[in-house]
Amino acid sequence: MTAQLINGNLISAQLRSKIKQKVTDRVATGKKQPGLAVILVGQDPASAVYVGKKVKACEEIGFISQKKLLSDSINQSELLLEIDNLNQEPSIDGILVQLPLPEHLNTSEILETIRADKDVDCFHPYNVGKLAQRIPYLRPCTPYGVMLMLESIDLNVKGLDCVVVGASNIVGRPMALELLLKGATVTVCHKFTKNLAEHVSRAELLIVGVGIPGLVKGSWIKPGATVIDIGMNRLKSGKLTGDVEFEEAAEKASWITPVPGGVGPMTVAMLMHNTLLAAEAKD
Ligand code: GUN
């Protein structure tokens, strides 16, 4: 392997420790602990693991956390009512509904019901729109976490040829907006893209978030590129792996994120960052 690793565990731990200090300082001056409510509908095991990590991070950092585990038989209006109650609850600064939701629920309507100033995931059209118009407030956790990883290696993306593979609402689209905001030249590839290999092979910065193990071949990577793998796939063997062929890509890249221990922990740290920001806005 010739690439250097971008260590998300380390960067996120530094960030969480700074947030923890800020929480201690606020509480010492009589301000309230930030509060995050996390809603999980149903029993998807992967979602349950993610929610568990978010709640644990809250506890470690000194936030109040409220975990709501709801049955997958809940209907739309019952879930909207839960969100309305949290919207009005003064101890709660951030509300997160873990996705994906069961199919009978209307995800867009649910995300739009979360008060925009409590939308710590940045999934509400208001906050996405603010980012699109270059006046971001709450920032999308995973893409913003990636931007901090790039900062940690002093990578200036202005004018850089960046290729984002994946165009989801959670990752690819907001990732492209964050890069644009910094002046990158951005190409977004998706399931209709012709000749993915050709696009990937000219990327100075490659960011992949699709959920298909090994989709991006190591041989496609431009020599010296920075490779950010947002994929998190569990193989039948139980091993966690990303969307990029790691060993082969690491032979060509100059920087690469591992899976696990790359982008994953950054998402949780940025959620904590957003929750603190939402609490501070009400001081
Ligand atoms: N499902 C996959 N990633 C995320 C995330 O960042 N936030 C929420 N709420 N659900 C997710």
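For clarity, every value in this text was computed on a predicted model and none was experimentally measured. As the structure lists them, so they are numbered: ligands from 1, and atoms in each ligand from 1. Just so you know, these numbers use all the heavy atoms, side chains as well, and skip hydrogens, waters and symmetry mates.
Atom SG of C162 is separated from atom CG of L155 by 7.5 Å, given to the nearest 0.5 angstrom.
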When you pair each N or O of ligand 1 with protein N or O atoms, which pairs come out under 3.5 Å?
| residue | atom | partner | partner atom | Å |
| --- | --- | --- | --- | --- |
| ligand 1 | 1 (N) | Q98 | NE2 | 3.3 |
| ligand 1 | 1 (N) | L99 | O | 2.9 |
| ligand 1 | 7 (N) | D121 | OD1 | 3.3 |
| ligand 1 | 7 (N) | D121 | OD2 | 3.3 |
| ligand 1 | 9 (N) | V97 | O | 2.9 |
| ligand 1 | 9 (N) | D121 | OD2 | 2.6 |
| ligand 1 | 10 (N) | Q98 | NE2 | 3.4 |
| ligand 1 | 10 (N) | L99 | N | 3.0 |

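Remark: R115 engages D117 in a side-chain hydrogen bond (donor to acceptor under 3.5 Å, both in side chains) (not counting sequence neighbours).
Enclosure of atom OH in Y126 is not indicated, since only 12 or fewer non-hydrogen atoms of other residues, nucleotides or ligands lie within 6.0 angstrom.
For the pair W220/L196, a side-chain contact is recorded, criterion being any heavy-atom separation below 4.5 Å from C-beta on.
Here V259 is tied into one hydrophobic group with Y50, M232, L240, each link being a pair of ILVMFWY side chains closer than 4.5 Å.
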Side-chain donor-acceptor pairs of residues 262-283 under 3.5 Å, sequence neighbours excluded:
| residue | atom | partner | partner atom | Å |
| --- | --- | --- | --- | --- |
| T267 | OG1 | T142 | OG1 | 2.8 |
| N274 | ND2 | V120 | O | 2.8 |
| N274 | ND2 | R139 | O | 2.8 |
| T275 | OG1 | L271 | O | 2.8 |
| K282 | NZ | D93 | OD1 | 2.7 |
| D283 | OD1 | R26 | NH1 | 3.2 |
| D283 | OD1 | R26 | NH2 | 3.0 |
| D283 | OD2 | R26 | NH1 | 2.7 |

